[in-house]
Amino acid sequence: MPPVATHRDALFQPARELVRKVHCPCCWHGFTPQDSPFIAEDPRLLGDPVAGPTEPIRFLPSRFDLTGAAIDPDGARCTRLACPRCRQEFPRAMIEVSATIASVVGSPGAGKSHLLASAVWTMRRQGAMLGLEVSDAEPRMHARIHAMENALFGQHASRVPQRLAKTETAGGDGYREVRVGGRTETVPMPFIFTVRDAAARAEERLLVLYDNAGEHFLPGADEATRPVTRHLGRSEFAIFVLDPTQDDAFRTALGLSRVATGPSRQDVVLQEMASRVRHHRGRRTDEPCDLPLVVALAKADLWAQALGITMDREPYAQGGGLDRDALADAHGELVRFCERAAPEFLAAVGAAFPRCLFVPCSALGRGAEASRVEPQWAAAPFVAAWEWRQGGRLESFVP
Amino acid sequence: VIAELVHTSLPRGLDGGTGFAVAGCTGGMPRVLIDALSALSGLPQAWQGASDAAGAMHATRCIEWQGLARWVASVIRPCGVDHTGRGNRIAHHRLLESNEIERACPVAILQDSARWMPVWSGAPRELDSPTPIGSMPGAVGAALWKQMLGDEGVANAALEVAMHSGVGAWVVVPSGCDRLQLLAELVAALPLHERWTRGWSTRALRPSGGAVPVICVIDAQEPALENLGHAAWVIRAESLQATRRAPRSTVPAAEPRAAPGATGQITWEPERRLGVAPAPILDAPSKSATVDAAPIETSPERATAVAVTLEEAPASRVKAILWMVFALGVVAAIGLFLWKARGA
């Protein structure tokens, strides 16, 4: 056969490189790519013993077509993959590209969902200025984040401010129930994005994010049957969303009126997070957590002016990426503010996270009271954390 | 009613947490049961412009507790804003006793508004012992179906398809209808004991954990309709079109099939149904074991066998090896005995 003919045939295409080990983004079970079952496509093959009676069966294939797609027992071509443990689907890109798991943590009402939606929207739109190209790894699995983005940034007929509903602790689209080993487990549904360095287009990674309810991070909420925050054991960086407006000490320091709902102990949530990070990584109690932490001080449109922090301009550098000086200045100002208003929070951070960066942000921006949402620095905590991890452009950055 | 539980957003819940927490529950409830009922409390996000009443969800679902399948009736509805200023919802669940199931219609229990809390007031607390449910036969006739769709037979036709669906069904009704009443009239055609072979809901719902299919009467604007996350039959009551949809990437959805006339006999069924029987959850393992021995051929049964083999193969293989070793041992012992006997 002439070489030209062989190159055209799918059978003679060079083999694709796969990652050595995949961690399921739902249950964080580690497995090799060849162990992941395919999801049947024939509409008659329903009823998986783990994923549920309304899910197509998952199977380890023995028949493939020339492109590497599996053939299910009824002859349909299958390309979707699932975790061998929880049988939840994950994007095919996860077996081809390395993934970075990130945790977004905060107390109930801190603004995690709003910040996540605004940050994703900003990263999509302002990727060129951030030096990153961000896109959905599998758009079909992102209906929930799309709905959140649409709710905040879509064109609404009414001029009523659009707000996201409170994140549910179970049920809805954010979680799935699976039966593993005869026991029902609730697993979270992640958001998985493809992130590409705009300058070096070949370096592509996946970013796995979770929109947990704040209730999941409260002490005592980490359960084996609801392992919804176990991503803390696998995450490469964490973003702690701190809401200064929930705390009376912060409010007093900012000249705002006191809250009527009682004290909010966000330092306890941070300590609980550090404790879970250590437990799920098998670390000693006195060991520091080895992942970088970005503390995103949310709702900055309400308080940044009082601290003299200017957020009119996004902290982007000239050639793309984040402006180190702007980040360092804001960090310094916020640390001084925390020392003054909530030293217990700063102490909790210092005790557990040697690498920590404070970033102000506002998911709704000045449009908070108006119908239009204009985020300020919303993507900054995420991009800073992404670039600050090992191999990132800010790896050597010391705030 | 064995127990009841109220779950909503509070500054401080019964277990000390803030946000969505248990506001009240029957005294002495085990933690496992509290967690199981709390996990049913999520309310799907309503469509834009939905009123609080339209966004409410009335549902009966089957859960596994203490190794048994138990029925839970729930009413989950939006209830203003919570202490953080965000939209709140209240979920009120009742775990039903088996003797109550024998004499009460599931939808009639949901319709009894006096049993369901519209809003939580006061501090978190233990609730008094729940009042038992007596005889509740449920609705008769299909007057609202006739009024909304012009023909009572539509309800029967939709029910026929839904009951045969095997994987659950969404009956899509025109926007703004009283879905709870439509659901009550839908189940009215079934004998009482058959009404407890399915879960029922007035919002789009994924079946949780167990193998009991759920039949939902949902609004035409329900957001989940656009992004169906699991397999289900979607029956559009206005056009009487039934489509089986599954979350797939490449294979197109099944062709819509027009049901026969509303008053006529439904004679068709989904092509094949796979082991989704309205049986208690614990029946599943024994069923799987019998399917495991099914002959390998291109059939849905084979598909199930493949799925089950993934789970069962290692254990059955070890068992087979042990049996072989045992048989060889017995043969060797008999041989030794005979050889010695001959020598003697």
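From a predicted model like this one, the values you see are computed outputs, not experimental measurements. Numbered from 1 within each chain, the chains take letters A, B, ... in sequence-line order.
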Just list the side-chain donor-acceptor pairs under 3.5 Å for residues 36-44 of chain B, sequence neighbours left out, or say none.
from, atom 1, to, atom 2, distance (Å)
B:Ser38, OG, B:Ile34, O, 2.7
B:Ser41, OG, B:Leu37, O, 3.3
B:Ser41, OG, B:Ser38, O, 3.0
B:Ser41, OG, B:His93, NE2, 2.9

Taking all non-hydrogen atoms of both residues into account, name the closest pair between A:Lys166 and B:Ser9 and its distance.
CE-OG, 3.4 Å
Residues which pass side-chain hydrogen bond (donor to acceptor under 3.5 Å, both in side chains) with B:Arg77, listed by chain and number, not counting sequence neighbours
none
Per-residue contact mode, B:Arg31 against chain A (heavy atom under 4.5 angstrom):
side chain
I'd like to know if B:Glu64 pairs up with A:Arg183 as an ion pair, taking the criterion as any Lys NZ or Arg NE/NH1/NH2 lying under 4.0 Å from an Asp or Glu carboxylate oxygen.
no
Tell me which of these, B:Asp35, B:Asn88, B:Asp82, has more heavy-atom pairs under 4.5 Å with chain A than the rest.
B:Asp35
Among B:Gln45, B:Arg89, B:His7, who wins on heavy-atom pairs under 4.5 Å with chain A?
B:Arg89
To the nearest 0.5 Å, how far apart are OG1 in B:Thr84 and CD in A:Gln246?
8.0 Å
What distance separates B:Phe20 CZ from A:Glu168 CD, expressed to the nearest 0.5 Å?
4.5 Å
Which portion of A:Thr167 sits near chain B, non-hydrogen atoms under 4.5 angstrom
backbone
